[in-house]
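This report concerns only the one structure given below.
Reminder, nothing fancy here: chain letters follow the sequence lines and each chain counts from 1.
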Amino acid sequence: MDRKDLTRIDDYTWEIPQSFREGMRVPIRILANEELVDDIITGEAIEQAVQTAHLPGLVGHLVVMPDVYSGQGAPVGIVAASKYPAGAIAPGAIGHDINTGVRLLGSSIKRADADDLMDELADKLHEFIPCGVDAEGSLQLSKSEIDHVAQSGAQWALRKDMAKQDDLVRAEEGGRLNEANPSKVSETARALGAQQLGTLGGGEHFIEISYVDEVFNRAAAITMGLKEGRLTAQIHCGSRGYGRQVCADYIERFQDVADKYDAHPPNPNLAFVPLDASEAEDYMGAMRAAANYAYANRQVLAHRVREAFDEVIEGGGDSLRTVYDVAHNLGQVEMHEVEGKHMRCYVHRKGAARAFGPGTPGISLPYRALGQPVIVPGSMGETSWVMLATRDAMSKSFGSACHGAGRTMSRHEASYQGEAILDDQLENRGVRVRSGDTSTSGGVQLKENIDAVVDTVSGAGLAGKVARLKPLAVVHG
DNA sequence: ATGTAC
(Lines give C-alpha, C1' and ligand atoms only; values in the text may rest on other atoms or scores of the structure.)
Protein backbone atom coordinates (compact mmCIF):
# COMPACT_ATOMS: atom_id res chain seq x y z
CA MET A 1 0.00 0.00 0.00
CA ASP A 2 1.24 3.51 -0.64
CA ARG A 3 0.09 7.06 -0.15
CA LYS A 4 -2.03 7.11 -3.30
CA ASP A 5 -4.35 4.62 -1.57
CA LEU A 6 -4.92 7.13 1.25
CA THR A 7 -6.96 10.27 1.62
CA ARG A 8 -5.45 12.80 3.98
CA ILE A 9 -8.17 14.02 6.37
CA ASP A 10 -5.93 16.29 8.48
CA ASP A 11 -2.34 16.44 9.78
CA TYR A 12 -2.87 13.33 11.91
CA THR A 13 -5.61 11.37 10.13
CA TRP A 14 -5.46 9.27 6.94
CA GLU A 15 -8.31 7.29 5.44
CA ILE A 16 -8.33 4.06 3.45
CA PRO A 17 -11.73 4.15 1.71
CA GLN A 18 -14.18 1.28 2.02
CA SER A 19 -13.80 0.78 -1.72
CA PHE A 20 -10.12 -0.19 -1.27
CA ARG A 21 -11.23 -3.83 -1.19
CA GLU A 22 -14.54 -5.51 -1.81
CA GLY A 23 -15.96 -6.81 1.46
CA MET A 24 -14.70 -4.01 3.70
CA ARG A 25 -17.64 -2.86 5.84
CA VAL A 26 -16.18 0.51 6.88
CA PRO A 27 -13.30 2.80 5.90
CA ILE A 28 -10.08 2.70 7.93
CA ARG A 29 -8.79 5.79 9.72
CA ILE A 30 -5.07 5.70 10.47
CA LEU A 31 -4.01 8.12 13.21
CA ALA A 32 -0.38 9.00 12.47
CA ASN A 33 1.86 11.98 11.92
CA GLU A 34 4.10 12.46 8.86
CA GLU A 35 6.91 10.58 10.58
CA LEU A 36 4.88 7.41 11.22
CA VAL A 37 2.46 7.01 8.35
CA ASP A 38 4.79 5.48 5.73
CA ASP A 39 6.03 2.78 8.11
CA ILE A 40 2.46 1.89 8.97
CA ILE A 41 1.19 1.56 5.40
CA THR A 42 4.20 -0.46 4.23
CA GLY A 43 4.20 -2.85 7.21
CA GLU A 44 2.32 -6.14 7.52
CA ALA A 45 -0.13 -4.81 10.11
CA ILE A 46 -2.07 -2.77 7.57
CA GLU A 47 -3.20 -5.83 5.58
CA GLN A 48 -4.51 -7.26 8.85
CA ALA A 49 -6.39 -4.00 9.44
CA VAL A 50 -7.97 -4.30 5.98
CA GLN A 51 -9.07 -7.85 6.82
CA THR A 52 -10.40 -6.76 10.21
CA ALA A 53 -12.50 -4.13 8.44
CA HIS A 54 -14.49 -7.05 6.93
CA LEU A 55 -16.10 -7.85 10.30
CA PRO A 56 -19.90 -7.71 9.84
CA GLY A 57 -21.77 -4.92 11.62
CA LEU A 58 -18.84 -2.53 11.98
CA VAL A 59 -19.90 1.11 12.28
CA GLY A 60 -18.11 4.40 11.70
CA HIS A 61 -14.56 3.51 10.82
CA LEU A 62 -11.90 1.05 11.90
CA VAL A 63 -9.33 3.00 13.91
CA VAL A 64 -5.60 2.28 13.49
CA MET A 65 -3.42 3.71 16.27
CA PRO A 66 0.01 5.29 15.63
CA ASP A 67 1.78 2.49 17.50
CA VAL A 68 0.13 -0.34 15.51
CA TYR A 69 2.07 -3.51 14.77
CA SER A 70 1.40 -6.95 13.39
CA GLY A 71 -0.64 -9.39 15.46
CA GLN A 72 -2.61 -12.61 14.93
CA GLY A 73 -5.76 -12.02 12.92
CA ALA A 74 -6.19 -8.36 13.80
CA PRO A 75 -3.14 -6.14 14.28
CA VAL A 76 -2.18 -4.83 17.73
CA GLY A 77 -3.30 -1.19 17.83
CA ILE A 78 -6.88 -1.11 16.50
CA VAL A 79 -10.39 -0.16 17.60
CA ALA A 80 -13.29 -1.94 15.87
CA ALA A 81 -16.83 -0.96 16.92
CA SER A 82 -19.62 -3.32 15.96
CA LYS A 83 -23.31 -2.42 16.19
CA TYR A 84 -24.85 -4.12 19.24
CA PRO A 85 -26.48 -6.61 18.99
CA ALA A 86 -26.83 -6.73 15.19
CA GLY A 87 -23.08 -6.93 14.51
CA ALA A 88 -20.43 -9.56 15.16
CA ILE A 89 -17.83 -10.32 17.80
CA ALA A 90 -14.32 -11.60 17.02
CA PRO A 91 -11.95 -12.80 19.79
CA GLY A 92 -9.01 -12.18 17.44
CA ALA A 93 -9.86 -8.46 17.46
CA ILE A 94 -9.45 -8.40 21.25
CA GLY A 95 -6.34 -10.53 21.38
CA HIS A 96 -4.77 -13.51 23.08
CA ASP A 97 -3.53 -11.57 26.08
CA ILE A 98 -6.95 -10.52 27.32
CA ASN A 99 -6.69 -7.35 29.45
CA THR A 100 -2.99 -6.95 29.09
CA GLY A 101 -2.57 -3.48 30.49
CA VAL A 102 -0.67 -1.10 32.70
CA ARG A 103 -0.76 -0.15 36.36
CA LEU A 104 1.08 3.08 37.21
CA LEU A 105 2.00 3.89 40.80
CA GLY A 106 3.35 7.26 41.96
CA SER A 107 5.38 7.89 45.09
CA SER A 108 6.81 10.62 47.28
CA ILE A 109 10.31 9.09 47.10
CA LYS A 110 12.85 11.51 45.65
CA ARG A 111 14.96 10.14 42.86
CA ALA A 112 18.07 11.71 44.39
CA ASP A 113 17.48 9.85 47.66
CA ALA A 114 17.04 6.52 45.87
CA ASP A 115 19.92 6.71 43.36
CA ASP A 116 22.33 4.69 45.47
CA LEU A 117 19.64 2.13 46.25
CA MET A 118 18.57 1.44 42.67
CA ASP A 119 20.66 -1.71 42.17
CA GLU A 120 19.36 -3.19 45.39
CA LEU A 121 15.81 -2.23 44.46
CA ALA A 122 16.15 -3.93 41.07
CA ASP A 123 17.51 -7.06 42.80
CA LYS A 124 14.61 -7.15 45.24
CA LEU A 125 12.01 -6.65 42.50
CA HIS A 126 13.53 -9.52 40.58
CA GLU A 127 13.56 -11.69 43.70
CA PHE A 128 9.92 -10.96 44.59
CA ILE A 129 8.41 -11.22 41.11
CA PRO A 130 8.40 -14.49 39.17
CA CYS A 131 9.22 -13.82 35.49
CA GLY A 132 9.26 -15.70 32.21
CA VAL A 133 6.75 -17.82 30.35
CA ASP A 134 7.29 -20.84 32.58
CA ALA A 135 7.32 -18.87 35.85
CA GLU A 136 5.16 -20.46 38.47
CA GLY A 137 3.63 -18.06 40.92
CA SER A 138 4.07 -17.65 44.57
CA LEU A 139 0.37 -18.23 45.22
CA GLN A 140 -0.39 -21.73 43.82
CA LEU A 141 -4.17 -21.54 44.11
CA SER A 142 -6.84 -24.18 43.56
CA LYS A 143 -8.99 -24.09 40.43
CA SER A 144 -12.05 -23.12 42.48
CA GLU A 145 -10.13 -20.22 44.05
CA ILE A 146 -9.24 -19.09 40.53
CA ASP A 147 -12.97 -18.95 39.79
CA HIS A 148 -13.30 -16.45 42.67
CA VAL A 149 -10.41 -14.44 41.21
CA ALA A 150 -12.13 -14.47 37.81
CA GLN A 151 -15.38 -13.33 39.40
CA SER A 152 -13.92 -10.58 41.61
CA GLY A 153 -10.81 -9.25 39.85
CA ALA A 154 -8.70 -6.88 41.94
CA GLN A 155 -11.37 -7.03 44.67
CA TRP A 156 -10.21 -10.59 45.35
CA ALA A 157 -6.79 -9.15 46.22
CA LEU A 158 -8.41 -6.67 48.61
CA ARG A 159 -9.95 -9.59 50.54
CA LYS A 160 -6.51 -11.22 50.69
CA ASP A 161 -4.81 -8.07 52.05
CA MET A 162 -2.91 -7.52 48.82
CA ALA A 163 -4.66 -4.25 47.90
CA LYS A 164 -5.70 -0.93 49.36
CA GLN A 165 -9.18 0.45 48.80
CA ASP A 166 -7.60 3.38 46.96
CA ASP A 167 -6.00 0.98 44.44
CA LEU A 168 -9.48 -0.09 43.34
CA VAL A 169 -10.98 3.41 43.34
CA ARG A 170 -8.29 4.48 40.88
CA ALA A 171 -8.47 1.45 38.62
CA GLU A 172 -10.53 1.29 35.44
CA GLU A 173 -13.88 -0.37 36.29
CA GLY A 174 -12.73 -0.62 39.91
CA GLY A 175 -10.55 -3.53 38.81
CA ARG A 176 -13.56 -5.78 38.18
CA LEU A 177 -15.85 -6.32 35.18
CA ASN A 178 -19.44 -7.36 35.89
CA GLU A 179 -20.98 -10.44 34.35
CA ALA A 180 -17.83 -12.53 34.25
CA ASN A 181 -18.68 -16.20 33.83
CA PRO A 182 -15.85 -18.52 34.93
CA SER A 183 -18.02 -21.56 34.13
CA LYS A 184 -17.47 -20.75 30.44
CA VAL A 185 -13.68 -21.03 30.86
CA SER A 186 -12.02 -24.36 29.97
CA GLU A 187 -10.33 -26.68 32.48
CA THR A 188 -7.04 -26.09 30.69
CA ALA A 189 -7.29 -22.34 31.20
CA ARG A 190 -8.28 -22.71 34.85
CA ALA A 191 -5.34 -25.04 35.53
CA LEU A 192 -2.90 -22.55 33.98
CA GLY A 193 -4.49 -19.74 35.94
CA ALA A 194 -4.10 -21.62 39.21
CA GLN A 195 -0.31 -21.84 38.71
CA GLN A 196 0.33 -18.40 37.35
CA LEU A 197 -1.42 -15.75 39.42
CA GLY A 198 1.17 -13.26 40.61
CA THR A 199 3.64 -13.85 37.77
CA LEU A 200 4.84 -11.37 35.17
CA GLY A 201 5.22 -13.54 32.05
CA GLY A 202 7.52 -12.89 29.13
CA GLY A 203 7.70 -11.00 25.85
CA GLU A 204 6.94 -7.32 26.27
CA HIS A 205 5.79 -7.66 29.85
CA PHE A 206 7.80 -5.74 32.41
CA ILE A 207 7.97 -3.87 35.67
CA GLU A 208 9.78 -0.57 35.52
CA ILE A 209 10.95 2.00 38.03
CA SER A 210 10.98 5.48 36.54
CA TYR A 211 10.92 9.05 37.78
CA VAL A 212 8.78 12.04 36.82
CA ASP A 213 11.03 13.99 34.46
CA GLU A 214 8.69 16.86 33.58
CA VAL A 215 5.12 17.90 34.35
CA PHE A 216 3.04 19.59 31.62
CA ASN A 217 -0.33 19.87 33.39
CA ARG A 218 0.23 20.80 37.02
CA ALA A 219 -3.38 20.56 38.22
CA ALA A 220 -3.87 17.12 36.70
CA ALA A 221 -0.51 15.92 38.04
CA ILE A 222 -1.56 16.90 41.57
CA THR A 223 -4.79 14.90 41.27
CA MET A 224 -2.76 11.95 39.99
CA GLY A 225 -0.15 12.19 42.73
CA LEU A 226 2.72 12.83 40.32
CA LYS A 227 5.48 15.30 41.17
CA GLU A 228 8.70 16.13 39.37
CA GLY A 229 11.74 14.17 40.54
CA ARG A 230 9.74 11.48 42.38
CA LEU A 231 9.88 7.75 41.69
CA THR A 232 7.11 5.86 39.91
CA ALA A 233 6.52 2.16 39.24
CA GLN A 234 4.81 0.65 36.20
CA ILE A 235 3.50 -2.86 35.85
CA HIS A 236 2.80 -4.04 32.30
CA CYS A 237 1.25 -7.49 32.11
CA GLY A 238 -1.97 -9.37 31.48
CA SER A 239 -3.89 -12.58 32.00
CA ARG A 240 -1.03 -15.05 31.30
CA GLY A 241 -1.98 -18.50 30.08
CA TYR A 242 -5.55 -18.11 31.34
CA GLY A 243 -6.48 -15.39 28.86
CA ARG A 244 -4.45 -16.88 26.05
CA GLN A 245 -6.33 -20.15 26.43
CA VAL A 246 -9.74 -18.42 26.55
CA CYS A 247 -8.97 -16.65 23.27
CA ALA A 248 -7.65 -19.81 21.59
CA ASP A 249 -10.61 -21.91 22.81
CA TYR A 250 -13.21 -19.48 21.47
CA ILE A 251 -11.49 -18.86 18.13
CA GLU A 252 -11.62 -22.63 17.64
CA ARG A 253 -15.25 -22.86 18.76
CA PHE A 254 -16.29 -19.97 16.50
CA GLN A 255 -14.55 -21.71 13.58
CA ASP A 256 -16.53 -24.86 14.35
CA VAL A 257 -19.89 -23.04 14.14
CA ALA A 258 -18.98 -20.83 11.17
CA ASP A 259 -21.35 -22.60 8.78
CA LYS A 260 -24.31 -22.23 11.15
CA TYR A 261 -23.95 -18.44 11.04
CA ASP A 262 -22.54 -18.20 7.51
CA ALA A 263 -19.59 -16.49 9.18
CA HIS A 264 -16.55 -16.75 6.93
CA PRO A 265 -13.75 -14.30 7.79
CA PRO A 266 -10.85 -13.47 5.45
CA ASN A 267 -8.48 -14.99 8.04
CA PRO A 268 -9.20 -17.94 10.38
CA ASN A 269 -7.88 -15.95 13.34
CA LEU A 270 -10.67 -13.44 12.74
CA ALA A 271 -13.37 -16.07 13.40
CA PHE A 272 -16.59 -14.34 14.48
CA VAL A 273 -20.20 -15.02 15.43
CA PRO A 274 -23.21 -12.67 15.70
CA LEU A 275 -23.28 -10.76 18.99
CA ASP A 276 -26.67 -12.27 19.85
CA ALA A 277 -25.48 -15.88 19.34
CA SER A 278 -25.21 -18.08 22.44
CA GLU A 279 -21.54 -18.67 21.58
CA ALA A 280 -20.97 -14.90 21.75
CA GLU A 281 -22.50 -14.72 25.21
CA ASP A 282 -20.31 -17.60 26.39
CA TYR A 283 -17.19 -15.89 25.02
CA MET A 284 -18.11 -12.57 26.64
CA GLY A 285 -18.51 -14.29 30.02
CA ALA A 286 -15.18 -16.10 29.65
CA MET A 287 -13.40 -13.01 28.31
CA ARG A 288 -14.60 -10.94 31.29
CA ALA A 289 -13.37 -13.70 33.60
CA ALA A 290 -9.94 -13.45 31.95
CA ALA A 291 -10.05 -9.66 32.22
CA ASN A 292 -10.70 -9.96 35.95
CA TYR A 293 -7.82 -12.44 36.25
CA ALA A 294 -5.55 -9.80 34.68
CA TYR A 295 -6.83 -7.02 36.99
CA ALA A 296 -6.12 -9.30 39.97
CA ASN A 297 -2.70 -10.21 38.58
CA ARG A 298 -1.58 -6.58 38.25
CA GLN A 299 -2.87 -5.96 41.78
CA VAL A 300 -0.90 -8.89 43.23
CA LEU A 301 2.18 -7.66 41.38
CA ALA A 302 1.64 -4.14 42.76
CA HIS A 303 1.60 -5.71 46.20
CA ARG A 304 4.89 -7.49 45.44
CA VAL A 305 6.41 -4.21 44.25
CA ARG A 306 5.40 -2.62 47.56
CA GLU A 307 7.02 -5.50 49.45
CA ALA A 308 10.23 -5.09 47.45
CA PHE A 309 10.28 -1.32 48.13
CA ASP A 310 9.77 -1.98 51.84
CA GLU A 311 12.91 -4.12 51.89
CA VAL A 312 15.04 -1.27 50.56
CA ILE A 313 13.41 2.03 51.57
CA GLU A 314 11.81 2.72 54.92
CA GLY A 315 8.08 3.26 54.29
CA GLY A 316 8.72 2.72 50.57
CA GLY A 317 5.84 0.35 49.93
CA ASP A 318 3.28 2.54 51.64
CA SER A 319 4.35 5.59 49.67
CA LEU A 320 3.48 3.85 46.37
CA ARG A 321 -0.01 5.00 45.39
CA THR A 322 -1.95 3.81 42.38
CA VAL A 323 -2.31 6.51 39.73
CA TYR A 324 -4.38 4.38 37.37
CA ASP A 325 -4.75 0.86 35.99
CA VAL A 326 -5.84 0.52 32.38
CA ALA A 327 -6.66 -2.37 30.02
CA HIS A 328 -5.27 -2.60 26.47
CA ASN A 329 -7.05 -5.70 25.13
CA LEU A 330 -10.76 -5.77 25.91
CA GLY A 331 -14.21 -5.79 24.36
CA GLN A 332 -16.99 -3.75 25.97
CA VAL A 333 -20.55 -2.66 25.30
CA GLU A 334 -20.66 1.16 25.15
CA MET A 335 -22.81 4.01 23.83
CA HIS A 336 -21.27 6.06 21.02
CA GLU A 337 -22.41 8.72 18.59
CA VAL A 338 -21.88 7.50 15.03
CA GLU A 339 -22.81 9.70 12.07
CA GLY A 340 -25.08 11.78 14.32
CA LYS A 341 -26.87 8.80 15.89
CA HIS A 342 -26.43 7.47 19.42
CA MET A 343 -26.01 3.76 19.29
CA ARG A 344 -24.97 0.85 21.43
CA CYS A 345 -21.74 -0.68 20.19
CA TYR A 346 -19.52 -3.59 21.01
CA VAL A 347 -16.09 -1.96 21.01
CA HIS A 348 -13.14 -4.30 20.33
CA ARG A 349 -9.89 -2.72 21.55
CA LYS A 350 -6.67 -4.58 20.77
CA GLY A 351 -3.51 -2.72 21.68
CA ALA A 352 -5.64 0.31 22.44
CA ALA A 353 -6.73 1.81 25.75
CA ARG A 354 -10.12 3.18 26.58
CA ALA A 355 -9.82 6.98 26.77
CA PHE A 356 -13.14 8.57 27.67
CA GLY A 357 -13.23 12.38 27.63
CA PRO A 358 -14.10 14.57 30.66
CA GLY A 359 -17.49 13.91 32.24
CA THR A 360 -18.14 10.58 30.54
CA PRO A 361 -19.88 8.04 32.77
CA GLY A 362 -17.69 5.03 33.48
CA ILE A 363 -14.54 6.99 34.35
CA SER A 364 -13.20 6.33 37.87
CA LEU A 365 -14.58 8.99 40.23
CA PRO A 366 -11.32 10.82 41.06
CA TYR A 367 -10.87 11.47 37.32
CA ARG A 368 -14.41 11.86 36.03
CA ALA A 369 -14.27 15.65 35.68
CA LEU A 370 -10.72 15.66 34.28
CA GLY A 371 -11.02 12.86 31.74
CA GLN A 372 -9.68 9.33 31.86
CA PRO A 373 -5.94 8.95 32.43
CA VAL A 374 -4.01 7.52 29.49
CA ILE A 375 -0.77 5.76 30.38
CA VAL A 376 1.62 5.36 27.47
CA PRO A 377 4.47 3.18 28.68
CA GLY A 378 6.66 3.04 25.58
CA SER A 379 8.74 -0.11 25.32
CA MET A 380 10.50 -1.22 28.46
CA GLY A 381 13.35 1.13 29.29
CA GLU A 382 11.87 3.87 27.10
CA THR A 383 10.36 7.24 27.97
CA SER A 384 6.76 6.90 29.17
CA TRP A 385 3.98 9.46 29.11
CA VAL A 386 0.98 10.12 31.29
CA MET A 387 -1.89 11.85 29.47
CA LEU A 388 -5.55 12.74 29.97
CA ALA A 389 -8.25 11.87 27.46
CA THR A 390 -9.97 14.80 25.75
CA ARG A 391 -13.46 15.13 24.29
CA ASP A 392 -12.39 14.58 20.67
CA ALA A 393 -11.38 11.01 21.51
CA MET A 394 -15.08 10.12 21.68
CA SER A 395 -15.77 10.98 18.04
CA LYS A 396 -12.37 10.19 16.54
CA SER A 397 -11.57 6.83 18.11
CA PHE A 398 -14.64 5.60 20.02
CA GLY A 399 -13.07 7.03 23.18
CA SER A 400 -9.70 5.29 22.76
CA ALA A 401 -6.00 6.06 22.68
CA CYS A 402 -2.79 4.20 21.92
CA HIS A 403 -1.29 1.57 24.22
CA GLY A 404 2.34 2.57 23.77
CA ALA A 405 4.35 -0.53 24.60
CA GLY A 406 5.11 -1.69 21.09
CA ARG A 407 7.49 -3.78 19.06
CA THR A 408 9.50 -2.92 16.00
CA MET A 409 9.02 -6.44 14.65
CA SER A 410 6.11 -8.81 14.58
CA ARG A 411 6.46 -11.83 16.85
CA HIS A 412 6.86 -13.92 13.71
CA GLU A 413 9.80 -11.85 12.45
CA ALA A 414 11.24 -11.67 15.94
CA SER A 415 11.37 -15.44 16.23
CA TYR A 416 14.13 -15.44 13.61
CA GLN A 417 16.28 -12.90 15.38
CA GLY A 418 18.43 -15.13 17.55
CA GLU A 419 20.07 -14.09 20.76
CA ALA A 420 18.78 -11.43 23.07
CA ILE A 421 20.20 -7.99 22.50
CA LEU A 422 17.51 -6.37 24.56
CA ASP A 423 19.38 -6.28 27.87
CA ASP A 424 22.48 -4.77 26.25
CA GLN A 425 20.35 -2.06 24.67
CA LEU A 426 18.80 -1.30 28.02
CA GLU A 427 22.13 -1.23 29.86
CA ASN A 428 23.51 1.10 27.20
CA ARG A 429 20.76 3.52 28.07
CA GLY A 430 21.82 3.44 31.69
CA VAL A 431 18.80 1.43 32.78
CA ARG A 432 19.34 -1.35 35.35
CA VAL A 433 18.03 -4.66 34.05
CA ARG A 434 17.07 -7.86 35.79
CA SER A 435 15.62 -10.54 33.55
CA GLY A 436 14.45 -14.10 33.81
CA ASP A 437 14.47 -16.59 30.99
CA THR A 438 15.25 -14.38 28.00
CA SER A 439 14.06 -16.93 25.43
CA THR A 440 10.76 -15.08 25.10
CA SER A 441 12.26 -11.62 24.89
CA GLY A 442 15.01 -12.60 22.45
CA GLY A 443 13.19 -10.94 19.60
CA VAL A 444 11.94 -7.94 21.51
CA GLN A 445 13.55 -4.78 20.20
CA LEU A 446 13.13 -1.38 21.70
CA LYS A 447 11.08 1.14 19.83
CA GLU A 448 12.26 4.68 19.66
CA ASN A 449 9.16 6.30 18.23
CA ILE A 450 7.28 6.95 21.46
CA ASP A 451 7.53 10.73 21.09
CA ALA A 452 6.03 10.55 17.58
CA VAL A 453 3.24 8.37 18.93
CA VAL A 454 2.50 10.85 21.71
CA ASP A 455 2.73 13.77 19.26
CA THR A 456 0.05 12.03 17.17
CA VAL A 457 -2.20 11.28 20.12
CA SER A 458 -2.06 14.87 21.35
CA GLY A 459 -2.13 16.39 17.84
CA ALA A 460 -5.17 14.32 16.86
CA GLY A 461 -6.88 15.49 20.04
CA LEU A 462 -7.27 12.11 21.72
CA ALA A 463 -5.39 13.05 24.90
CA GLY A 464 -3.27 15.86 26.36
CA LYS A 465 0.15 15.59 28.01
CA VAL A 466 0.35 15.53 31.81
CA ALA A 467 3.83 14.20 32.60
CA ARG A 468 6.87 12.53 31.06
CA LEU A 469 8.61 9.66 32.89
CA LYS A 470 12.20 8.47 32.44
CA PRO A 471 13.29 4.88 33.21
CA LEU A 472 15.76 3.82 35.91
CA ALA A 473 15.32 0.04 36.27
CA VAL A 474 13.49 -2.75 34.44
CA VAL A 475 12.53 -6.28 35.42
CA HIS A 476 11.28 -8.48 32.59
CA GLY A 477 10.75 -12.14 31.61
C1' DA B 1 0.79 -13.02 24.43
C1' DT B 2 1.64 -18.29 25.00
C1' DG B 3 2.01 -25.65 29.01
C1' DT B 4 5.01 -20.92 21.80
C1' DA B 5 5.44 -22.40 15.62
C1' DC B 6 2.86 -20.31 9.72
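- At whole-Å resolution of the value, CG in A:L200 and C1' in B:dA1 are 12 Å apart.
- The CZ atom of A:F206 sits 14 Å away from the C1' atom of B:dA1 (whole-angstrom rounding).
- Atom NE2 in A:H403 sits roughly 8 Å away from atom P in B:dA1 (whole-Å rounding).
- Regarding A:I251, its CD1 atom lies at a distance of 13 Å from the P atom of B:dC6, rounded to whole Å.
- At a cut-off of 3.5 Å, with distance as the only test, no side-chain donor of A:Q51 or A:R21 sits close to an acceptor on the other residue.
- Here B:dG3 presents its C1' atom at 14 Å from CD of A:Q140, a figure rounded to the nearest Å.
- The side chain of A:H96 lies closest to B:dA1, out of B:dT2, B:dA1, B:dG3.
- Between the CD atom of A:Q196 and the P atom of B:dA1 there is a distance of 14 Å, given to the nearest Å.
- Residue contacts shown for A:S239 are absent, as no nucleic acid heavy atom lies under 4.0 Å away.
- Across the protein-nucleic acid pair, A:Q48 atom CD and B:dC6 atom C1' stand 12 Å apart, rounded to whole Å.
- We find that A:R349 and A:E334 are joined by a salt bridge, their nearest charged nitrogen and carboxylate oxygen being less than 4.0 Å apart.
- Across the protein-nucleic acid pair, A:L192 atom CG and B:dT2 atom P stand 11 Å apart, rounded to whole Å.
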Show me, pair by pair, the donor-acceptor contacts under 3.5 angstrom made by side chains of residues 149-157 of chain A, not counting sequence neighbours?
| unit_1 | atom_1 | unit_2 | atom_2 | d |
| --- | --- | --- | --- | --- |
| A:S152 | OG | A:H148 | O | 3.2 |
| A:S152 | OG | A:R159 | NH2 | 3.3 |
| A:W156 | NE1 | A:E145 | OE2 | 2.7 |

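- Listed by chain and residue number, A:K124 satisfy the salt bridge (charged side-chain N to carboxylate O under 4.0 Å, His left out) test with A:E127 (two or more places apart in sequence, or in another chain).
- Within 3.5 Å, a donor on the side chain of A:Q72 pairs with an acceptor on the base of B:dA1, or the reverse.
- Across all strands, A:G238 comes closer than 4.0 Å to no nucleic acid atom at all (heavy-atom distances).
- Closest to the side chain of A:R240, from the set B:dG3, B:dA1, B:dT2, is B:dT2.
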